[in-house]
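Below is one structure, written out as structure tokens; the observations come after it.
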Amino acid sequence: MSNEQAGGLPKAYDASSVEGGIYARWLAADVFAPDGAGSRADPAKPPFVIIQPPPNITGALHLGHAQRTAVEDAMTRHARMTGRPTLYLPGKDHASIAAQFVLDRMLAEEGETRESLGRERYLERMRAFVESTRHVMTDQLQRVGASLDWGRERYTMDDGSALAVRTAFKRLYDDGLAYRTEALVNWCPGCRTSISDLETIATPETGTLWQIRYHLVDAAGAVEPDAWISVATTRPETILGDTAVAVHPEDVRYRALVGRRVRVPFVERDVPVIADDVVERDFGTGAVKITPAHDLDDFETGRRHELPAITVLDDEARVTEAGGPYRGLDRYAARARILADLEARGDLEGSRAHEMVIGRCQRSDDVVEPRLKTQWFVRVGPLAAKSLASVREGRVEILPKRFEKVFFHWLENIRDWNVSRQLWWGHRIPAWYCTDGHVVVSDRLGGPETCDACGRPGTELVQDPDIFDTWFSSGLWPFSTLGWPEPTDDLARYYPGTVMETAYEILFFWVARMMMLGEWLMGQPPFATIWLGGIVRDPYGVKMSKTKGNVEDPLATIADIGADALRFALVHGLAPGADARIGRTKLDGARNFSNKLWNAARFVLGARPDDVPQGAPLALPAAADLGPAERWILGRCGATIEAVSRAHDAYQLGEVTRLLYEAVWSEFCDWYLELAKAGLADPATTPARRAGTWQTLVWVLERYVRLLHPVMPFITESIWGELPHEPSDPELLIVADWPTAERELGLADADTSAAVEALLDLVRAVRNARAEAGIDAGASLEADVVLPDARLREVVGSMSASFERLARLRPVRLHADAASLPSSAGSGLAVVTAAGEARLARGAGDIERERARLERELASVREALRATDARLADVAFTSRAPAHVVDAARRRRAELVEQDERLAARLASAKAAGDEG
RNA sequence: GGGCGGUUAGCUCAGUCGGUCAGAGCACCUCGCUUACACCGAGGGGGUCACAGGUUCGAGUCCUGUACCGCCCACCA
């Protein structure tokens, strides 16, 4: 029975040589799809559909993806084992602006630009680029072990998505929720496209507030050199687009000027002084220049007063023709020149530093320019209302719950969604314009046949050059991937989804949009639970990023310690919504745990008694063949099954790994394995009991392997391959049943468990006393053990081989009470626990040290006793606290009293012995 | 300017319904190469649960306030 041959398990688990093969076996067995050939799903059970954010098609796996995948895959595998048809659908996102950003950089190295290639050639390049990268993420997700249903893989630029986008947009248009208008949008001059509010990052900056004179114009239209109104601005270059100066209607300083005209410098345009209560009298000079085409506030003020909006900055933020003498200058160059010119005219009154918040492009970091553009918008009010109601009324649950508030706040204050992008890579907006100015929105592939309004043939219509915001197509993901708008079986079966798992970073970008679009187009929210994860940080709490160089490469980590250890580390201690710090220490811990599990399996397989035939099916031992230790570990195993199942049902994966780490390491390995070793080695053990012990080892290990599979799929599948099974078990663990606990719990009983716990407690106490007394750890001592409880005495008696081995005592003589101890037992070490006491014989010992130890223990017991007594003496406590709490306190007191007596007696004899010596 | 989260052992963090809740891992100290594992085993030290009030028989746990850290949202030039 050598462990080298341990049932085929090699001495060390070699992840790199095993994982690929296991993944290939899963693929070959077709077990990932809910309807795959190898699926053992029960079609009658409710499907479990998990929705994952499709990664960018040009991307490579980073630790954040790995964590998302670890979480999603664990949920998926757990659901699959419970027999539910389980859909975990893979996909890629075309990521229009992000992909263009990457490709543009590559083109720049070749000396090319978007414009130099032109739209068609640029898109060809993009398609080729995307083809070259799309396999990367797929391969890496498989390395992590993601049990994605690859047969259903989708892409946000495939034909199905394209149809879904056209259909969705037409529906919104027909419902009056998509409209085209000229409005101020966030314009990124670097990316040369509009971006959404979400992509505009408010950045605090110290700017300058300049004070500038606008001279009044007299009735004859002449400038009055000595009469002016001073305005305050942080953007002098927008002077060129001013169409009014506003003051507060009740501001006495300016009341007389309202209705007069002032001359805008340089462009020499006369504009009115208007009164509007948006103006803060206390800010700056109390007078504001109004530039409707370049400031959101001003745009609205302009509307109220019917002011013209003059665009003075172009797509690249250079001054337009309307900017007169400054035309062609970059916005900042124009600012400098204008300030210098104002100074020269004597119209620059002063300036001061000003703390302000400026919008920057999330992608390029350019300062975003509000610009007047004709674009498509989605009216989100009615959509948001539905989403808010779904969450408020509990149809959709957000985990953790605190994000519900964030979600509410955002949706309550949301502005219409600008969906047009002046980019090329993405879905073209399905809107066509005819020369008569009619607009046709069509979901027909290739565009409308005729203009709806005038019947002009489609060939004479011109399609909108813009594309959709990437998130418009991602927002359709939960149903576009199931075949929508076609009424497919998948759509009927797998919509709405069960859980949507993602990082809280994209709650608004993606989750909220899926909610809004899903509810409107499908009539119900796209998922029941929103599970939000956090950000993966380095050990110092810094968000990992390539530029900071603090990234942990998940693939290198997998090569190093295996995918399972990485997954375990990413999930262990994870709470929804909380950021996770991942570093060497945590990864090492996970690797050590994998190693522990592997070696426990090697031991168990190698410990098969000779009279148990190899290849015998797995069976729970008969009750008669179980010792107390077996009953105890089966009870613990049952409790763990139940606790882990509950944790999974609540999506608490951090709790799942915590429970299993504890169960496998601290209970199974540290205690039961050691107890079993002694039982197996004891010649007094009957063959039936020996078989029962081994079967218990295998059984419990087998349950833990099942429970760990969702988090650690490879190593558990590996071990499973070597373990005996019940006849009803499948060949692959991935489709094995999730365990239930009734059989284990049926073999356990509370009394035996309590007795075994008491035994373990005694072992701990003996080890402690031995260590403190400095006794050689290898030395075996004679012991007299007093256990007043008969049941406990019986259990310890039946486990004497284990007890002797674990506590290093031999022989152990059991006694019902201290009075029956032989007098020779008076010397040596005394060990007192709640259940009883042990007296260990030993040679020469340090009496003083022993006395000090006993005094310390006695003092601590008396302290606890005092506290318990005080509690029980308080009538308020005994009358108001629930009975079970009071009972527990009374039991505790009784134990403490006994310990007190035993310790006092031992201390007395130790003192006597010391005095004699 | 609003809102949210955090503050528990040297470090990273669990702690559900208020009652064995003062916990884990790492680090540290002392032993130990006991035939699964040194990626290990045994034992140990270490915390006024940020601070101040309050509710309660009883408070890391609930309430109020304060401090510090972090995050999200925000169209006052």
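Chain letters run A, B, ... following the sequence lines, proteins first, then strands; residues in each count from 1.
Here the C1' atom of nucleotide B:G3 and the CG atom of A:Leu507 are 14 Å apart, to the nearest Å. Residue A:Leu673 contributes atom CG, which lies 13 Å from atom C1' of B:U35 at whole-angstrom precision. In this structure, the CZ atom of A:Arg591 is 11 Å from the P atom of B:C26, given to the nearest Å. Per the geometry, CG belonging to A:Leu680 stands 16 Å off P belonging to B:U35, to the nearest Å. Between A:Asn595 atom CG and B:G41 atom C1' there is a gap of 14 Å when expressed in whole angstrom units. Look at CG on A:Leu587: it is 14 Å from P on B:C26, rounded to the nearest Å. Taking atom CZ on A:Arg770 and atom P on B:G32, their separation rounds to 13 Å, with Å as the unit. We find that CG of A:Leu701 is positioned 14 Å from C1' of B:C37, with the value rounded to whole Å.
No side-chain heavy atom of A:Val273 sits under 4.5 Å from any side-chain heavy atom of A:Tyr254. Annotation: side chain of A:Val288 is not in contact with side chain of A:Val245 (no heavy-atom distance under 4.5 Å).
Remark: A:Arg303 does not engage A:Glu300 in a salt bridge, criterion side-chain N to carboxylate O under 4.0 Å. Between A:Glu772 and A:Arg856 a salt bridge is recorded (basic side-chain N to carboxylate O distance below 4.0 Å). We find that A:Arg764 and A:Asp761 are joined by a salt bridge, their nearest charged nitrogen and carboxylate oxygen being less than 4.0 Å apart. Salt bridge A:Arg853/A:Glu857: present, at least one basic N to carboxylate O contact under 4.0 Å. Using a 4.0 Å cut-off between charged side-chain N and carboxylate O, A:Asp251 and A:Arg281 make no salt bridge. Comment: A:Glu898 does not engage A:Arg893 in a salt bridge, judged by the lack of any side-chain N to carboxylate O separation of less than 4.0 angstrom. Contact check on A:Glu237 versus A:Arg235 returns a salt bridge, with a Lys/Arg side-chain nitrogen under 4.0 Å from an Asp/Glu carboxylate oxygen.
Pairing for B:G47 is absent, with no Watson-Crick or G-U wobble pair whose two atom distances lie under 3.5 Å. Base-pair partner of B:A24: B:U12 (Watson-Crick or G-U wobble, both distances under 3.5 Å). Base pairing annotation: B:G5 forms a Watson-Crick or G-U wobble pair with B:C69, both donor-acceptor distances under 3.5 Å. The base-pairing partner of B:C33, taking Watson-Crick or G-U wobble contacts with both distances under 3.5 Å, does not exist among the strands shown. Using the Watson-Crick or G-U wobble rule with both distances under 3.5 Å, B:G60 pairs with nothing in any strand shown. Base pairing analysis places B:C17 opposite nothing; no Watson-Crick or G-U wobble pair with both distances below 3.5 Å involves it. Under the Watson-Crick and G-U wobble criteria, each requiring two contacts below 3.5 Å, nucleotide B:U55 is left unpaired.
Look at A:Asn599 and you won't find any side-chain N or O under 4.0 angstrom from OP1 or OP2 of B:C40. Listed pair A:Lys405 / B:C4 meets the phosphate criterion, a side-chain N or O lying under 4.0 Å from OP1 or OP2. Neither OP1 nor OP2 of B:A36 sits under 4.0 Å from any side-chain N or O of A:Lys11.
Contact annotation for A:Trp210: no contact, since no heavy-atom pair falls under 4.0 Å across all strands.
Across the C1' atoms, B:C49 and B:A14 are found 13 Å apart, a figure rounded to whole Å. Between B:G15 and B:G47, the two C1' atoms lie 15 Å apart (nearest whole Å). B:G19 and B:G58 have their C1' atoms separated by 7 Å, given to the nearest Å. Rounded to whole Å, the separation between the C1' atoms of B:G44 and B:A36 comes to 26 Å. Distance noted for atom P between B:C71 and B:C29: 36 Å (whole Å). B:A22 sits 26 Å from B:U66 when the C1' atoms are compared, rounded to a whole Å. For B:C4 and B:C62, the P atoms lie 15 Å apart once the distance is rounded to whole Å. Taking atom C1' in both B:G41 and B:C33, one finds a spacing of 11 Å when rounded to whole Å.
In summary, the aromatic rings of A:His354 and A:Phe283 are positioned with their centroids under 6.0 Å apart.
Remark on RNA chain B: of its neighbouring residues A:Tyr661 and A:Arg808, the 5'-side contact belongs to A:Tyr661, judged by nearest-heavy-atom nucleotide.
Screening A:Phe593, A:Phe668, A:Tyr704 for a ring-ring contact (aromatic ring centres under 6.0 Å, His included) involving A:Tyr661 leaves a single residue, A:Phe593.
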Using a cut-off of 4.0 Å between protein heavy atoms and nucleotide atoms, how would you tag nucleotides 42-50 of chain B 5' to 3' with B, S and -?
-> SSS------

Where protein sits on nucleotides 5-23 of chain B, one letter per nucleotide: B base, S sugar-phosphate only, - none, heavy atoms under 4.0 Å = S------SS-----BB---

Summarise how protein sits on nucleotides 69-77 of chain B as a single string, 5' to 3': B when a protein heavy atom is under 4.0 Å from the base, S for sugar-phosphate-only contact, - for no contact.
-> ----S-BBB

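Note that CG of A:Asn599 is 7.0 Å distant from NZ of A:Lys11, once rounded to the nearest 0.5 Å.
Of the possible donor and acceptor atoms, one in the side chain of A:Arg371 sits under 3.5 Å from a partner among the backbone N and O of A:Leu313. At least one donor-acceptor pair closer than 3.5 Å links the side chain of A:Trp694 to the backbone N or O of A:Val604.
Applying the 90° cutoff around 0 to the glycosidic angle, B:G10 is assigned anti.
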